[in-house]
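Heavy-atom basis, side chains included; hydrogens, waters and symmetry copies ignored. Residue numbers start from 1 in every chain, and the chains themselves are labelled A, B, ... in the order their sequence lines are given, proteins ahead of strands.
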Amino acid sequence: MNGKYRILLPVLSLTVLLAAVFYLQPRAMSYFGLNLLFNLAVPIALATIAQMMIIMVNDIDLSVGTFVSFVACVTATFLNDAPLVGAAILLASILAYAAIGALIHIRQLPAIVVTLGMSFVWGGLAVLLLPSPGGAAPTWIRTVMTVKPPLVPMAVVACILIAGLTHLLIMRSSTGTLLRAVGGNAQAVARSGWSVTKLKAGSYALAGFFGVLAGICLVGLTTSADANIALRYTLLSIAGVILGGGEFTGGRVSPVGAVLGALTLALAGSFLSFMRLSPDWQIGAQGAILILVLAVRLIFSRRSRKWKGAENG
Amino acid sequence: VADTADKRIALSNNYAGNSWRQAMLESWAKVGDKAVEDGLVASADAFTTSENQATEQAAQIQNMILQGYDAIVVNAASPTALNGAIKEACDAGITVVSFDGIVTEPCAWRIAVDFKEMGRQQVEYLAGRLPDGGNLLEIRGLAGVFVDDEIHAGIEQGVTEFPKFKIVGSVHGDWAQDVAQKAVAGVLPSLPEIVGVVTQGGDGYGAAQAIKAAGRDMPIIVMGNRQDEMKWWAEARDENGYETLSLSIAPGVGTLAFWVAQQVLDGAEVPKDLTVPFLKVTQETLDETLAATPAGSVANVEYSQEDAKSVISAAN
Amino acid sequence: MEVATGAGRPKPDVPLVALSGACVHFGAVRALDGVSLTVSPGECVGLMGHNGAGKSTAVNVINGGLTPTDGQVHYGHEDGRKGTGAARARACGIRSVFQELSLCPNLSVLENLRVPHRDLTGFGWRKSAAGRIAGALDEIFPGHRIEPGMIVGDLTLAERQMVEIAAGFAGGPTPPRLVILDEPTSSLDASIARQLLEHVRRFCAKGGAVIFISHMLGEVFEVASRIDVMKDGKIIASRPASEFTQQGLIDAMGHVANEKAAARAAVESSQRIGEEVLKTPEGLSARKGEIVGLAGLAGHGQAEALARFFMSRSGKLTRVKDPEAAFVAGDRGRDGVMPLWSILRNLTLTHLPSLTRRGLVDRIAEQALGADWKKRIGIRTDNLGNLILSLSGGNQQKVLFARALASSAPIVVMDDPMRGVDVGTKQEAYDMIRTEAASGRTFLWYSTETDEVCQCDRVFVFRNGQISAELTGDGITEENILAASFQMQGAGA
Amino acid sequence: MDNSRLSTVLAIPRRPWFWAFAASAIAYFATLSLTEGRGGGELLSAALTFASFSAIVGLGQMFVITLGPGNVDLSIPATMTLAGTLSLKFMDGAANLILPGLAVALAVGIGAGTFNYLLIRLLRIPPIIATLSASFLYQSLAIWWNRGLRIKPPEALADFSTGAIAGLPNLTIIGVLIALLSWVVLERSIFGRWVSAFGQNTRAARLSGIPVETVRAVTYIASAVLAAFTGYLLASFSGGAALNMGTEYLLISIAVVVIGGCSIAGGNSNVPGIWGGALLMFLVVSMLNSYGFGAGVRLIMTGAIIIGIVAAASGKGRPT
Ligand SMILES: Nc1ncnc2c1ncn2[C@@H]1O[C@H](COP(=O)(O)OP(=O)(O)OP(=O)(O)O)[C@@H](O)[C@H]1O
Ligand SMILES: Nc1ncnc2c1ncn2[C@@H]1O[C@H](COP(=O)(O)OP(=O)(O)OP(=O)(O)O)[C@@H](O)[C@H]1O
Ligand SMILES: O[C@@H]1[C@H](O)[C@H](O)CO[C@H]1O
Ligand SMILES: [Mg+2]
Ligand SMILES: [Mg+2]
């Protein structure tokens with residue numbers, strides 16, 4: 001897919017889905033409605049950005065979901081009761097992410113395995129922290145997540161901010177360019193004397209950072225946590241990156257697309273709710289709508305398929 | 001015609017992947033459809049999320065707010081993680097009734113089963129059967145989930161009460177026969193003689209299979225309410241006089257929640273916390289219960305509007 | 001373009017880089033076996049040698065990418081300091097353009113400059129990057145159509161090569177003083193290659209130095225002030241270019257190559273060519289036993305036409321045992337090599353279905369096939385069980401060649417297959433193609449070398465994705481091909 | 001002669017599958033040390049039995065993962081459930097329908113595999129998402145078909161799946177046979193070459209004349225068929241199909257492939273390692289349960305072991 005058109009797909013699918021939702025449920029077309037539709041998409045968008053940081057360097061992170069759950073547990077316990085300890089734990093977990101990135105590169109390990117292993121580790125830590133659901137959101141994050149800005153609801157403002165800032169960071173800054181270069185041709189980066197290990201550690205740390213933000217935001221919305229709270233984010237975040245025009249290899253990612261992808265996925269669920277299907281088929285319909293939304297990619301890739309597409313690949 | 005004829009009630013369900021939940025959905029549909037037919041409510045729609053996830057369910061509840069339901073009946077993925085969404089629903093003037101997986105948000109009603117007591121009674125029953133006590137194997141549910149923690153706490157309490165018992169092994173069976181079977185098979189070889197197995201339901205048959213495969217003497221396995229567990233029990237009884245007890249929550253409790261919601265909408269004075277007894281099947285009632293349970297399903301009790309009224313008045 | 005000038009410039013007799021007795025061993029392979037070499041400002045050193053002679057390895061030692069197992073590398077810093085290592089090499093203005101392209105296809109042209117140009121940071125870095133790369137492109141390849149904002153993946157192979165060369169010469173805080181070009185013209189067509197050669201001459205005239213590696217004798221003679229010949233990891237001759245003749249150079253490299261005049265069909269083409277065996281919608285056609293060339297400027301649709309044809313005639317399960325067509329890739333890494341496999345497995349891949357009984361591979365027959373082709377095409381390895389990536393670029397290319405020729409396909413599609421193949425091997429390959437054609441095989445041959453195209457029986461010249469001319473017999477001349485490549489372009493502009 | 005035998009022995013720890021088996025052995029003896037060696041036979045037999053399920057689905061997953069980056073089959077659990085549900089309902093306990101029931105299960109596998117492939121091929125959906133989405137459909141189909149009722153397998157089938165020949169569980173024999181077959185296919189057959197080539201460089205594979213689309217289709221179908229077969233066996237073994245019966249096999253199937261030393265980047269796979277990984281996944285959990293660790297510690301240790309093994313087995317310079 002050509003870079004220029006990459007962003008069209010997520011924009012289009014979000015628009016179509018939003019139109020369908022507004023048609024089915026006109027009440028959604030309001031300040032209140034938009035916030036309800038999208039506020040739970042904010043942590044998903046952050047988790048998707050985290051996943052994107054990893055996919056950007058040709059790896060994949062199967063531990064995003066349990067990591068966000070772990071962060072949520074820390075937020076609802078330590079960050080609330082002893083903010084300094086909580087912050088230190090979260091900082092350490094970002095460093096752990098960086099260390100994993102470095103380990104993966106130095107030992108040439110498959111990221112999918114290491115992150116699969118880490119998903120057990122984060123999950124175990126979360127269960128140790130909160131064997132039973134509970135804890136409480138720190139008030140400041142509760143305030144942030146329920147703030148009511150004028151004109152546009154919090155959820156929309158937050159998504160625009162996330163998309164804009166990560167776009168600057170990844171697509172425009174010189175450091176972001178270097179990180180994407182690692183995904184495009186790590187050997188070339190190494191030949192120019194950069195430490196690919198440090199760069200990979202850097203993008204993993206960024207992933208950890210956005211994972212932490214996702215967990216904190218999530219607790220801000222749900223008011224408490226449990227060890228399994230965000231398991232689904234792993235697959236949602238992968239789907240979001242792809243839906244947003246990203247590719248698994250080659251450092252081709254789009255932060256704006258990733259945020260739009262996350263919003264689209266969140267909206268797909270609402271769309272189904274508003275359809276009122278028989279319970280037997282509700283689960284299947286979620287699969288069907290994922291398929292449908294992704295199939296739209298076809299329209300865009302048809303154009304550049306065959307030799308041309310491969311030639312440019 | 002009641003005052004609730006134009007009211008719409010929705011069921012928010014977080015999981016449909018086992019026979020208990022399927023029975024729950026079926027009871028809901030049966031009772032709900034009938035209520036709509038009778039003109040008692042305008043609609044009783046059921047919604048299920050694809051995976052057992054609080055975040056997904058929170059979004060689902062937010063959608064229900066948008067759809068303008070008058071009451072939401074919820075079996076929650078987490079007692080606390082939905083509180084944000086539930087609060088929003090209450091603020092929008094919606095009645096929220098939780099059951100089975102209850103929520104802690106104060107604005108919602110809770111129809112709770114005393115899971116802790118359910119755990120404690122298992123040990124109590126074993127103490128009655130085995131005055132000398134002995135070693136127990138505990139099969140737990142899904143780690144990190146409220147129900148698992150509660151039943152486990154009850155069992156611990158029971159063991160403190162009856163100190164002749166000792167829990168020598170504990171595994172997670174995730175409320176699934178095949179998972180329980182695998183976990184028990186793995187831990188059994190390193191365990192000493194076991195006299196009893198305390199469970200959470202949905203795992204008794206798997207435990208029995210694993211113990212049989214290991215060639216051990218069959219301990220007293222406290223059963224849940226799945227038909228295969230009870231059928232195995234009946235067969236063992238016929239063969240060698242096997243005796244045990246089944247403790248569980250009936251999936252039909254969802255219908256009780258439905259009626260409670262209807263009553264709240266109707267303006268009835270309903271306390272926020274209601275308790276329902278758990279379903280108990282004994283040696284005596286086994287055949288009767290088994291006969292009433294379809295093959296492969298779950299022992300069940302459905303509730304009527306009258307039942308709901310009497311539960312409410314008992315609590316008042 | 002800034003080139004080191006003025007006060008800081010070392011005296012011409014202070015070498016930019018000096019290797020003395022450098023050795024590099026990869027296991028048992030002695031890739032470099034005591035190489036001593038110096039490059040001084042103003043020099044253009046032509047580095048020649050057969051495939052696997054150690055040229056690329058020498059490059060990697062010079063730019064600090066490889067530390068020699070024995071011997072020394074010294075850099076002459078502008079202020080006279082000396083030192084070793086990759087960082088020092090960069091600080092001394094040593095730049096490399098690698099044989100295997102090293103751009104990031106996902107980044108734009110200007111973003112790619114960020115990788116080698118480490119100083120590009122902070123606000124406005126994009127602007128200065130765009131300025132640097134556009135300046136270098138304009139200076140080296142006037143008339144190019146590359147924008148700094150274009151995504152590299154969307155460029156043609158030739159354009160990518162141009163970007164990489166431009167990045168090598170682009171100015172910056174440490175201007176280039178020695179630029180190493182490892183087979184820079186292998187995917188450029190003649191006119192662009194000419195622009196490069198001219199630039200190299202200008203660059204050296206202004207006091208820069210270049211190491212120019214190529215298998216094209218003509219090019220080397222055109223630019224090199226000195227020619228070093230490598231053989232089996234040693235420099236066996238190092239003399240001013242003027243003291244070599246073409247034949248003398250070939251002899252020095254150790255090849256007994258036939259004179260080009262003898263190249264023309266051993267078997268008279270009229271005897272060998274039979275009925276038409278292929279015709280494509282865009283107008284390509286070929287007959288049995290015919291060698292059909294695809295010519296024109298790089299990136300004008302030749303590769304696409306070949307691929308379309310090949311894709312339409314292959315990939316069916318029912319025909320794997322007797323394929324209609326076989327493919328020889330030019331872009332090895334992308335289109336040819338299976339990087340985790342041995343040489344043998346890479347070689348037999350296309351023919352393998354015919355070595356299969358009831359789904360199981362006959363491994364003895366496979367070994368035999370491999371041994372046969374190793375001999376026929378002279379793959380420089382002691383063991384076909386070695387990984388393909390342990391071979392030099394040119395030797396990998398030979399394996400891909402053998403992969404296609406070993407199959408029974410009556411049509412062989414070649415996508416610039418001689419890229420990076422040394423002179424001697426090329427001659428052997430030409431012979432082989434002619435022999436195979438004589439026995440009835442048809443070749444579709446895209447090449448960026450006019451010499452090669454001129455050996456064909458019929459030539460289709462491409463321009464803007466279409467066939468602009470069909471040349472046959474005596475009509476196949478360099479002039480006609482160039483005319484057809486440019487003709488309409490001139491009219492259109 | 002002696003020397004070469006010695007070097008063969010010395011090379012064993014460098015085999016990618018070595019660490020999985022070594023770690024399994026450690027877990028096994030660590031468990032038995034609790035009982036001074038009693039119960040060793042029981043534990044081994046349980047491990048062999050339950051590892052069979054993981055090994056069979058793991059082999060299918062291995063074929064898919066070998067296809068290269070992005071290829072993974074997330075529909076394995078749902079396919080297991082659907083095949084188990086449909087075939088058990090079809091047999092409805094009748095002994096004479098055991099083989100037709102097997103055919104039903106395998107047909108479900110072929111159907112699911114084909115559907116997965118078509119999503120990937122026709123709609124160009126990345127496999128990871130295509131198979132996940134498809135799995136929701138299969139799950140719904142299973143719910144709709146019999147609403148999660150647990151129907152008992154025919155007696156003879158239940159006996160067979162829990163039985164043993166000469167002490168070796170029948171399931172293990174089946175699992176080992178499938179592994180042998182997979183080994184032959186991957187190492188000796190042309191299809192194995194093609195899968196490996198596909199995984200290393202799909203484009204180059206296509207250009208070498210390999211029918212890549214056939215290869216991909218067959219691979220995804222094979223994975224689904226193996227999952228369906230496992231669903232049939234598991235449902236028979238555990239007394240009926242349950243809607244959630246495949247859940248744990250999602251992570252397990254991937255874990256055994258990677259623990260077993262299969263290069264996740266594709267193009268390289270390792271059959272014995274699958275069995276090593278399958279045994280390990282069972283024995284580790286058993287060991288941690290036996291030592292009485294809670295769920296949290298157990299999860300952390302499982303993760304640490306996975307990472308440890310991969311770091312030990314597949315570091316730089318691993319033989320290919
Ligand atoms: N130019 C190319 N080089 C290498 N691989 C390619 C190229 N074009 C397509 N492929 C890959 O080869 C495979 C088969 O492509 P091919 O064009 O043979 O399919 P096809 O059956 O003709 O396609 P369709 O039916 O969609 O037109 C696909 O996996 C595709 O990604
Ligand atoms: N990483 C490596 N591992 C093992 N052997 C290597 C490696 N790199 C190079 N070699 C070997 O070193 C020798 C020199 O290779 P080199 O790439 O320098 O040749 P070259 O002269 O550049 O050849 P060509 O003209 O084909 O590019 C070859 O025999 C090659 O097989
Ligand atoms: O999911 C169900 C219910 O939540 C119940 O509380 C116990 O059995 C589980 O299987
Ligand atoms: Mg070279
Ligand atoms: Mg050329």
Distance (rounded to the nearest 0.5 Å) between C/Ser108 OG and A/Arg180 CZ: 7.5 Å

Closest contact, heavy atoms only, C/Pro105 versus A/Gly184: CD-O, 3.7 Å

Closest non-hydrogen contact found for C/Val115 with A/Val189 is CG1-CA, 3.7 Å

Side chain, backbone, both or neither: which part of A/Met56 has an atom under 4.5 Å from a heavy atom of chain C? neither

Any side-chain heavy atom of A/Arg191 within less than 4.5 Å of one from C/Pro116? no

Taking every heavy-atom pair that is under 4.5 Å apart, which of C/Val152, C/Leu107, C/Asn112 has the most such pairs with chain A? C/Leu107

Measure C/Arg126 against the heavy atoms of chain A and call it side chain, backbone, both or neither at under 4.5 Å. side chain

Quick check: are there more than 12 heavy atoms from other residues, nucleotides or ligands sitting under 6.0 Å from CD of C/Glu324? yes

Side chains of residues 118-125 of chain C: which donor-acceptor pairs under 3.5 Å do they make with residues two or more places apart or in other chains?
from     : atom 1 : to       : atom 2 : distance (Å)
C/Arg118 : NH1    : A/Ser192 : O      : 3.3
C/Arg118 : NH1    : A/Gly193 : O      : 3.1
C/Asp119 : OD1    : C/Arg132 : NH1    : 3.2
C/Asp119 : OD2    : C/Arg132 : NH1    : 3.4
C/Asp119 : OD2    : C/Arg132 : NH2    : 2.5
C/Trp125 : NE1    : A/Arg172 : O      : 3.1

